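One structure is given below, encoded as structure tokens.
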Amino acid sequence: MGQEGGGASGRGRCVGRPAGAPKEDGPSGGQFEYLGTVAAGMADSTEVRELVYLVTGGCGFLGEHVVRMLLQREPRLLELRVFDLHLGAWLEELKTGPVQVTAIQGDVTQAHEVAAAVAGAHVVIHTAGLVDVFGRASPETIYEVNVQGTKNVIEACVQTGTRFLVYTSSMEVVGPNIKGHHFYRGNEDTPYEAVHRHPYPCSKAQAERLVLEANGRKVHGGLPLVTCALRPTGIYGEGHQIMRDFYHQGLRLGGRLFRTIPASVEHGRVYVGNVAWMHVLVARELQQRAALMGGQVYFCYDQSPYKSYEDFNMEFLGPCGLRLVETRPLVPYWLLMLLAALNALLQWLLRPLLLYAPLLNPYTLAVANTAFTVNTDKAQRHFGYEPLFSWEDSRTRTIRWVQAMEGSAR
Ligand SMILES: NC(=O)c1ccc[n+]([C@@H]2O[C@H](COP(=O)([O-])OP(=O)(O)OC[C@H]3O[C@@H](n4cnc5c(N)ncnc54)[C@H](O)[C@@H]3O)[C@@H](O)[C@H]2O)c1
Ligand SMILES: CC(C)[C@@H](O)CC[C@@H](C)[C@H]1CC[C@H]2[C@@H]3[C@H](O)C=C4C[C@@H](O)CC[C@]4(C)[C@H]3CC[C@]12C
């Protein structure tokens with residue numbers, strides 16, 4: 001059902017189950033409180049500040065939360081390097097604390113820029129990527145950033161002697177697949193035919209495989225590289241662009257959004273603060289439990305409820321004045337498929353003139369219409385992960401963010 005011929009490199013399909021991980025159990029660990037802003041002060045600690053972390057994509061939706069969480073929750077941090085194609089002005093506010101924050105404007109597709117940023121880092125958290133399922137970028141560009149960029153990060157770790165690499169993968173490495181098979185309360189070991197055509201999931205699957213296969217490679221200095229991959233489901237929270245798009249679409253439609261997907265098609269979603277926390281924790285514990293965690297994949301999860309994508313969004317958009325019209329889809333699915341195909345045709349026809357990239361296209365419709373929920377405790381068993389934010393807290397924070405947008409939208 002995905003875009004035709006859209007393999008990661010724009011050629012053929014990418015198939016095959018993503019690299020799983022051997023089943024192992026490990027001890028559980030503690031839980032911390034997350035303070036919302038850097039201004040709230042650093043986590044008190046008597047620990048020695050000696051570690052250098054690099055976050056690629058550190059100015060993105062997830063990346064910014066990872067950066068802020070590290071400054072709050074990693075007491076051993078001496079220097080935090082934030083590497084991104086587009087640096088945010090907000091980075092300046094972070095330079096007043098005890099941690100040296102180094103903003104690096106760079107491109108992960110440029111190996112020399114990556115190597116310069118990685119050199120001397122103890123840990124790399126690689127979140128940079130092209131998250132495009134709307135046809136904004138070409139398959140080749142998606143491959144270049146997501147796969148070649150990840151290769152450059154791995155090689156930079158090997159060449160410069162950085163030993164710990166955490167990769168932000170995605171649920172899409174697993175599914176939904178092109179056959180529309182539902183993934184119902186699955187975990188990291190659930191059998192599932194991970195067959196993709198769309199450039200984005202293909203590129204994420206290839207990148208994840210490269211990261212996991214690099215686990216154990218000798219880095220400069222002779223010690224082994226230790227890698228792992230985190231697979232968030234649909235992330236929501238402060239800064240989520242797609243939520244912003246839905247909100248503005250609802251405002252344009254007089255405060256209404258029209259249901260297109262049955263309420264029964266459940267999607268797993270995860271709050272950005274909990275995803276950021278899992279990145280911080282896994283980066284820390286990877287250094288202590290390399291034998292257990294090296295080469296492993298972990299779904300990102302929290303207590304966010306299973307709901308259809310549209311119903312879940314309404315948890316935040318409803319309290320901000322929007323209404324989801326009808327309890328069942330207004331438009332039959334075959335007509336939605338036709339409209340999605342028309343959008344794809346229009347995008348192709350208009351491309352020489354302008355970028356037409358609506359939310360509805362054959363791929364987004366297929367994904368939205370395929371249940372994908374995870375139920376796992378692997379991260380808790382392996383490195384003591386517990387969500388920092390309850391569902392209620394995650395919901396409140398997201399609503400407040402939309403309301404702040406509402407203020408700016410009036
Ligand atoms: N948003 C989600 O629902 C979700 C879910 C699962 C996984 N992920 C993964 O999380 C990561 C971050 O996603 P996001 O939603 O924050 O996306 P985002 O687009 O907000 O952030 C990506 C960041 O990477 C940077 N970047 C892009 N190309 C780059 C390049 N060539 N060199 C350097 N930096 C570059 C961008 O400038 C941006 O700041 C991605 O790897 C994505 O696949 C996202
Ligand atoms: C127009 C309607 C059909 C509307 O319901 C479309 C929703 C659609 C834009 C989203 C439905 C599922 C989303 C994806 C899912 O949450 C997981 C993802 C993995 C992540 O790595 C990147 C984002 C995404 C692909 C996410 C994108 C938007 C949806 C397709």
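Just so you know, ligand 1 is whichever comes first in the structure, and atom 1 is the first atom listed for that ligand. Keep in mind that this is a model prediction, so the values were computed, not measured. Residues take their numbers from the sequence shown, with the count starting at 1.
Residue, atom and distance of the protein heavy atom nearest to atom 43 (O) of ligand 1 are Tyr200 OH, 2.6 Å. Among protein heavy atoms, the minimum distance from atom 7 (C) of ligand 1 is reached at Ser169 O, 3.1 Å. The closest protein non-hydrogen atom to atom 34 (N) of ligand 1 is Leu85 N, 3.3 Å. When only non-hydrogen protein atoms are considered, atom 18 (P) of ligand 1 lies nearest to Phe61 N, 4.0 Å. Considering only non-hydrogen protein atoms, atom 27 (C) of ligand 1 sits nearest to Gly129 O, 3.4 Å. Nearest non-hydrogen protein atom to atom 38 (C) of ligand 1 is Asp84 OD2, 3.6 Å. In terms of protein heavy atoms, atom 6 (C) of ligand 1 is closest to Pro232 O, 3.4 Å. With hydrogens left out, the protein atom closest to atom 11 (C) of ligand 1 is Thr127 O, 3.1 Å, a heavy atom.
Under the 4.0 Å criterion applied to side-chain N and carboxylate O atoms, Arg259 and Glu326 are not assigned as salt-bridge partners. Electrostatic pairing of Arg68 and Glu64 counts as a salt bridge here, judged by a charged N lying under 4.0 Å from a carboxylate O.
In this structure, Arg400 places its CZ atom where only 12 or fewer heavy-atom neighbours from other residues, nucleotides or ligands lie under 6.0 Å away. Heavy-atom contacts from other residues, nucleotides or ligands closer than 6.0 Å to CH2 of Trp90 number more than 12.
Of all the heavy atoms of Val131, the ones lying under 4.0 Å from any atom of ligand 1 belong exclusively to the side chain. Counting heavy atoms closer than 4.0 Å to ligand 1, residue Val108 contributes atoms from both its backbone and its side chain. Contacts between Lys204 and ligand 1 below 4.0 angstrom, taking non-hydrogen atoms only, involve the side chain exclusively. Neither the backbone nor the side chain of Tyr236 comes within 4.0 Å of ligand 1, counting heavy atoms alone. Of all the heavy atoms of Thr233, the ones lying under 4.0 Å from any atom of ligand 1 belong exclusively to the backbone.
Annotation: Tyr271 is not in aromatic contact with Trp401 [ring centroid separation under 6.0 Å not met]. Close placement of the Tyr385 and Tyr301 rings is indicated, their centers lying within 6.0 Å of each other.
A donor-acceptor pair is defined here as one N or O able to donate and one able to accept, closer than 3.5 Å; such a pair exists between the side chain of Tyr192 and the backbone of Asn177. Checked by atom type and distance alone, the side chain of His196 pairs as donor or acceptor with a backbone atom of Glu172 at under 3.5 Å. Tyr53 places no side-chain N or O within 3.5 Å of a backbone atom of Val82 that could act as its donor or acceptor partner. Between the side chain of Gln249 and the backbone N or O of Leu257 there is no donor-acceptor pair closer than 3.5 Å. Using modelled atom types, one side-chain atom of Asn361 and one backbone atom of Val133 make a donor-acceptor pair closer than 3.5 Å. Using modelled atom types, no side-chain atom of Ser304 and backbone atom of Trp391 make a donor-acceptor pair closer than 3.5 Å. Checked by atom type and distance alone, the side chain of Arg289 pairs as donor or acceptor with a backbone atom of His382 at under 3.5 Å. Judged by distance alone, with hydrogens and angles left aside, the side-chain atoms of Arg49 form a donor-acceptor pair with the main-chain N or O of Leu77 at under 3.5 Å.
Looking at ligand 1, you'll find an N or O of Asp107 within less than 3.5 Å of one of its N or O atoms. The N/O atoms of Leu62, backbone and side chain alike, include one that comes under 3.5 Å of an N/O atom in ligand 1. Between Val145 and ligand 1, a contact under 3.5 Å exists for no N or O pair. For Gly60, a nitrogen or oxygen atom sits less than 3.5 Å from a nitrogen or oxygen atom of ligand 1, counting backbone and side chain alike. Taking only nitrogen or oxygen atoms, main chain and side chain alike, Ile235 reaches within less than 3.5 Å of ligand 1.
Of all atoms in ligand 1, listed by their number and element, those nearer than 4.0 Å to a heavy atom of Gly106 are 32 (N), 33 (C). Within the listing of ligand 1, atoms 37 (O) sit less than 4.0 angstrom from a heavy atom of His86. Less than 4.0 angstrom separates some heavy atom of Cys59 from each of these atoms of ligand 1: 39 (O).
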May I have the N/O to N/O pairs between ligand 2 and the protein that fall below 3.5 Å, each with atom names and distance to one decimal?
residue, atom, partner, partner atom, Å
ligand 2, 5 (O), Glu310, OE2, 3.1
ligand 2, 21 (O), Ser170, OG, 2.7
ligand 2, 21 (O), Tyr200, OH, 2.6

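Using a non-hydrogen distance threshold of 4.0 Å, Gly239 does not register as a contact of ligand 1.
Considering only non-hydrogen atoms, atom 10 (O) of ligand 1 lies nearest to Thr168 out of Thr150, Val82, Asn146, Thr168.
With a 6.0 Å cutoff to the six-membered ring centre and a 45° limit on the axis angle, Lys378 counts as a cation-pi contact of Tyr298.
Ring geometry for Phe312 against Tyr236 counts as perpendicular: the plane angle is over 60°, on a 0 to 90° scale with 30° as the lower cut.
Among Gln403, Met405, Met314, the single residue meeting the side-chain contact (heavy atoms from CB on, under 4.5 Å) criterion with Cys320 is Gln403.
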